[in-house]
Amino acid sequence: MAQLKFIITGSPGAGKTTAITAISETPPVRTDEATTDSLASSKSETTVAMDFGELTLEGGEKVFLYGTPGQRRFEFMWKIIAQGGLGLIVLVDCTREDPLADMEMYLENFSDFIGETSVVIGVTRSDAPGAPSLDDFYNRLQDSDRLFPILDVDPREADDVSLLINALISSLEYTTT
Ligand SMILES: Nc1nc2c(ncn2[C@@H]2O[C@H](COP(=O)(O)OP(=O)(O)OP(=O)(O)O)[C@@H](O)[C@H]2O)c(=O)[nH]1
Ligand SMILES: [Mg+2]
């Protein structure tokens, strides 16, 4: 039976660990430690190495989900975790100062990986005051000739995480046929 490795990356606090915890059928592996820097005011723990969870699709395929740390000081882990991955979910938190720049930063850092795989953007806390609209995200992608699915999600909801995974699988099928 097919095994699919997907990566979740994105801004600190966007909900990567939350998403994997929400959808994993097995107890997720988490490497959260106490926050010690500016993130501490909004969040007590942060991922320092990786998250891992797994689920089974209706057809029996296994999805292995690997979450990266969001913080740039753990950037060295990103490429290690991405090795052998088939697709990338980028979570962007709309309460941060410049969510569009955040999206670009993660896409840029994973550009080698993206060249060979598919990407889906998950926008979280989109109801925050002053949050960019989904159109703003699309327009920013189009400025650099990129076109990826963008979904408004709540990573605490397994159904929303499932939508992201299904969008990724659909775009994989589209690019491989
Ligand atoms: N109200 C609300 N809370 C959210 C939403 N998305 C995420 N959260 C909360 O935001 C926090 C996200 O924390 P994590 O899942 O640890 O974030 P992370 O992306 O793993 O962060 P790092 O590991 O530090 O990079 C959790 O407390 C979630 O419950 C949302 O859409 N609405
Ligand atoms: Mg985390």
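Just the heavy atoms: all of them, side chains too, but no hydrogens, waters or symmetry mates, feed the values below.
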Check your understanding: Run the side chain to side chain contact (heavy atoms under 4.5 Å, CB included) check on Asp51 and Arg30 step by step: do they pass?
Key -> CA-CA 5 Å; Asp51 304 302; Arg30 301 166 57 144; 4.1 Å; yes
Point to revise | Closest non-hydrogen atom pair between Ala22 and Ala158, with its separation | key: O-CB, 3.6 Å
Review point. Has the side chain of Lys16 got a donor or acceptor atom that lies under 3.5 Å from a matching backbone atom of Leu91?
Key: no
Review point. Step by step, would you call Phe137 with Leu100 a side chain to side chain contact (heavy atoms under 4.5 Å, CB included)?
Key: CA-CA 6 Å; Phe137 282 99; Leu100 299 174; 3.5 Å; yes
Point to revise | N/O donor-acceptor pair under 3.5 Å between Thr47 side chain and Met50 backbone | key: no
Review point. Do you reckon Val63 sits in the same ILVMFWY cluster as Leu163, going by side-chain contacts under 4.5 Å, direct or chained?
Key: yes
Exercise for review: Find out whether Leu107 and Leu141 are in side-chain contact, i.e. whether some heavy atom of one side chain is under 4.5 Å from a heavy atom of the other.
Suggested key: yes
Review point. Which heavy-atom pair separates Ala14 from Pro155 by the least distance, and what is that distance?
Key: O-CG, 3.6 Å
Point to revise | Thr46 vs Pro69 side-chain heavy atoms within contact, under 4.5 Å | key: no
Review point. Hey, quick one: are Ile114 and Ile80 part of the same hydrophobic cluster, counting side-chain heavy atoms closer than 4.5 Å, chains of contacts allowed?
Key: yes
Check your understanding: Going only through I, L, V, M, F, W and Y residues with side-chain contacts under 4.5 Å, is there a path from Ile150 to Met105?
Key -> yes
Check your understanding: Is the number of heavy atoms from other residues, nucleotides or ligands under 6.0 Å of Lys62 NZ greater than 12?
Key -> yes
**Study point:** Distance (rounded to the nearest 0.5 Å) between Glu75 CD and Thr68 OG1
**Key:** 10.0 Å
**Study point:** Atom pair OG/CG of Ser144 and Asn139 - distance to nearest 0.5 Å
**Key:** 11.0 Å
Review point. Given side chains that start at C-beta, do those of Thr17 and Glu45 come closer than 4.5 Å, heavy atoms only?
Key: no
Exercise for review: For the pair Thr124 (side chain) and Asp154 (backbone), establish whether a donor and an acceptor sit closer than 3.5 Å, ignoring hydrogens and angles.
Suggested key: no
Exercise for review: Determine whether Tyr138 and Leu168 fall in the same hydrophobic cluster, where Ile, Leu, Val, Met, Phe, Trp and Tyr are linked whenever their side-chain heavy atoms lie under 4.5 Å apart.
Suggested key: no
Check your understanding: What is the distance from atom CD1 of Ile165 to atom OG of Ser170, rounded to the nearest 0.5 Å?
Key -> 12.0 Å
Study note, to complete from the structure: On a heavy-atom basis, the closest approach of Ala128 and Cys94 is CB-O, 4.0 Å
Review point. Is any side-chain heavy atom of Thr35 less than 4.5 Å from a side-chain heavy atom of Ser42?
Key: no
**Study point:** Min side-chain heavy-atom separation Ile8-Tyr66 under 4.5 Å
**Key:** no
Check your understanding: Is a side-chain N or O of Tyr106 found less than 3.5 angstrom from the main chain of Gly70, in a donor-acceptor match?
Key -> yes
Point to revise | Derivation of the side chain to side chain contact (heavy atoms under 4.5 Å, CB included) call for Thr9 and Phe113 | key: CA-CA 12 Å; Thr9 193; Phe113 181 79; over 6 Å; no
Exercise for review: Would you please classify the geometry between the Trp78 ring and the Phe110 ring as parallel, tilted or perpendicular, with 30° and 60° separating the classes?
Suggested key: parallel
Exercise for review: Check whether any side-chain heavy atom of Lys5 sits under 4.5 Å from a side-chain heavy atom of Leu86, and report yes or no.
Suggested key: no
Point to revise | Joint cluster assignment, Ile7 & Met77, ILVMFWY side-chain distance < 4.5 Å | key: yes
Practice item. State which residue, out of Leu4, Leu164, Val120, fulfils the side-chain contact (heavy atoms from CB on, under 4.5 Å) condition with Ile169. Key: Leu4
**Study point:** Phe6 and Leu172, any side-chain heavy atoms less than 4.5 Å apart
**Key:** yes
Point to revise | Pairing of Arg73 and Asp37 as salt bridge, 4.0 angstrom limit | key: yes
Point to revise | Donor + acceptor pair across side chains of Ser11, Asp93 (<3.5 Å) | key: no
Review point. Roughly how far apart are Gln3 CD and Glu54 CD, rounded to 0.5 Å?
Key: 9.0 Å
Point to revise | Expected output: side-chain Ser24 to main-chain Ile20 donor-acceptor under 3.5 Å | key: no
Review point. Which distance, rounded to the nearest 0.5 Å, do you find between the CZ of Phe64 and the OG1 of Thr26?
Key: 9.0 Å
